[in-house]
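Below: the structure, in structure tokens.
Residue numbering restarts at 1 for every chain, and letters A, B, ... go by the order of the sequence lines.
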There are 2 protein chains.
Amino acid sequence: MSSSSAVPAARPPIRDALVAAAFRLFLERGFEQTTVDDIVALAGVGRRSFFRYFPSKEDVVFPDHEGCLAEMTAFLAASGPEHEPVRRVCDAARLVLRMYAENPAFSVQRYRLTRQVPGLRAYELSVVWRYERALAEYLRGRFAGRPDGTLRADVIAAAVVAAHNNALRSWLRSDGVGDAGAAVDHALAYVHRTYARPADAQAVRSGAAGAGPGPDGDVVVLVSRRDAPLWRVVQELETVLDRS
Amino acid sequence: MSSSSAVPAARPPIRDALVAAAFRLFLERGFEQTTVDDIVALAGVGRRSFFRYFPSKEDVVFPDHEGCLAEMTAFLAASGPEHEPVRRVCDAARLVLRMYAENPAFSVQRYRLTRQVPGLRAYELSVVWRYERALAEYLRGRFAGRPDGTLRADVIAAAVVAAHNNALRSWLRSDGVGDAGAAVDHALAYVHRTYARPADAQAVRSGAAGAGPGPDGDVVVLVSRRDAPLWRVVQELETVLDRS
């Protein structure tokens with residue numbers, strides 16, 4: 001794959017040219033050995049054009065995160081009480097995956113570069129932190145006034161980000177081969193299953209109430225001592241239901 | 001509180017003097033406006049002494065994280081099959097809390113400084129990431145060969161770090177007043193309750209089997225349709241057990 005074909009489309013042409021030039025130089029010479037002057041010379045534009053689009057050399061490596069963060073923030077702000085909150089943050093995380101999956105070759109190149117350059121790793125951690133804060137702030141609002149509301153919000157946001165990144169990085173390490181969307185869906189389903197509560201899912205609840213018994217619609221009876229630890233009872237339950 | 005009294009004890013005297021001088025200057029002039037030369041002049045030592053202890057000006061703000069990371073790594077490496085893995089990573093996270101709680105005044109000062117200086121925030125994120133990776137690597141080892149082993153490891157490590165930091169930061173924001181240990185225990189118990197599995201807890205299991213019924217040792221009977229979603233059944237169960 002050529003580096004120029006690995007640049008995201010549908011962006012201002014100068015911005016695109018700068019990203020393409022930067023990645024070509026980063027891959028040829030290394031990130032540290034490439035200056036902004038080198039990039040603008042190759043792109044055929046002036047130095048001021050670079051800084052119009054990118055505050056620093058690090059930013060050109062992640063040209064789409066600011067836009068994705070803005071999109072995520074708007075998505076969460078547009079939520080209503082009808083949205084089950086854990087489902088909503090999982091859906092918000094999928095916006096990040098979509099950005100990566102839009103251009104697999106570019107995403108894989110960047111992943112390799114980021115792993116080689118400590119400064120880029122630090123930059124990426126700060127971006128991930130901002131996504132996580134956006135999810136946590138939304139959940140804190142939804143859980144406001146509940147016992148342990150901020151604790152649950154922070155933990156669930158971190159779990160969503162970790163699950164998303166587990167699947168995303170597996171896909172990037174495999175050179176962008178395979179279905180990233182299916183892998184991320186699987187990982188997020190694990191988090192959703194863990195944390196979603198029926199009281200937050202009006203739509204889900206009414207759906208469940210309206211559903212008739214399925215083909216396995218028989219009844220399970222579980223007997224437990226009241227003083228058994230909850231995890232023990234749940235494990236018994238999983239065994240009975242054959243879903244562990 | 002004076003800045004000199006807020007420095008951790010039981011360290012080499014020169015190292016201590018450098019930390020004390022650095023924090024005094026950071027608080028008086030700001031982090032960016034203080035140079036390494038300023039710090040060594042105030043501490044009365046040479047420039048080479050500074051770099052013997054600290055690779056950079058950022059490192060003097062976090063003088064104990066390297067030691068704590070080493071301690072955590074050793075603690076996890078010393079684990080055996082008798083340690084329930086989620087409990088073990090919660091205990092490992094408590095090592096970080098202990099470091100902060102050893103010197104509340106210093107920790108609160110640093111927290112305020114870190115929130116003001118973006119470079120320190122980035123440094124802190126990279127430290128948090130290293131703790132999280134240490135926990136995740138341990139869990140990946142323990143969950144090796146299981147379905148979704150790396151996914152579960154990464155998500156649980158992130159949940160432990162988020163819970164720990166939720167409690168730690170509340171304590172730091174309240175100027176180090178109150179029982180940080182109890183707050184962190186409460187937060188970690190939430191994560192442990194969510195993720196610990198009886199199959200991983202031989203010691204816990206045998207303890208439960210040997211225990212007689214407690215004062216509330218009566219019996220609970222739960223009846224559920226087999227095709228009900230698991231989260232629904234668990235919620236019913238929580239309601240019955242009065243533990244939601």
Side-chain angles (χ1 to χ4, degrees), chain A residues 118 121-123 125-126 128-129 132 136 148 150-152 154-159 161-163 165-167 170 186-187 190-191 193-199 204-205 208 211 213-235 237-238 241 243-244, chain B residues 118 121-123 125-126 128-129 132 136 148 150-152 154-159 161-163 165-167 170 186-187 190-191 193-199 201 204-205 208 211 213-235 237-238 241 243:
Chain A
R121 187 79 196 101
Y123 186 102
L125 286 177
S126 73
V128 171
W129 172 251
E132 188 171 320
D148 291 328
T150 73
L151 172 63
R152 290 187 61 222
D154 289 2
V155 168
I156 294 172
V161 167
N165 286 347
N166 174 280
S170 292
H186 175 78
Y190 168 63
V191 175
R193 205 160 57 231
T194 305
Y195 288 109
R197 295 194 150 211
V204 177
R205 188 166 54 199
D216 291 320
D218 55 343
V219 164
V220 169
V221 178
L222 178 77
V223 181
S224 164
R225 281 215 319 258
R226 185 180 287 278
D227 61 345
L230 182 58
W231 56 259
R232 254 211 114 178
V233 185
V234 172
Q235 206 238 0
L237 186 62
E238 285 186 326
L241 294 173
R243 297 177 200 182
S244 59
Chain B
R121 186 82 196 99
Y123 187 100
L125 286 177
S126 72
V128 171
W129 172 250
E132 187 171 320
D148 289 329
T150 74
L151 172 63
R152 291 187 61 222
D154 289 1
V155 168
I156 294 172
V161 168
N165 286 347
N166 175 280
S170 292
H186 175 79
Y190 168 62
V191 175
R193 206 160 58 231
T194 304
Y195 288 109
R197 297 195 147 206
V204 178
R205 188 166 54 198
D216 291 320
D218 53 345
V219 163
V220 169
V221 178
L222 177 77
V223 180
S224 164
R225 280 215 321 260
R226 185 180 287 278
D227 61 343
L230 182 58
W231 57 259
R232 232 181 145 205
V233 184
V234 173
Q235 205 238 359
L237 186 62
E238 285 186 326
L241 294 174
R243 297 177 201 181

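Contacts of A:Ala122 with chain B are absent, with no heavy-atom separation under 4.5 Å from either backbone or side chain. For a residue to count as touching a neighbouring chain, one of its non-hydrogen atoms must lie under 4.5 Å from one of that chain's; by this rule B:Asn165 does not touch chain A.
Of the inter-residue distances, the one linking B:Leu151 atom CG with A:Tyr190 atom OH reads 6.5 Å to the nearest 0.5 angstrom.
With contacts defined as side-chain heavy-atom distances shorter than 4.5 Å, the pair A:Thr150/B:Asn166 qualifies.
Ranked by non-hydrogen atom pairs under 4.5 Å with chain A, the options B:Val161, B:Val191, B:Asp148, B:Ile156 are led by B:Asp148.
Across all their heavy atoms, B:Ser126 and A:Leu125 have their closest contact at CA-CD1, 3.7 Å.
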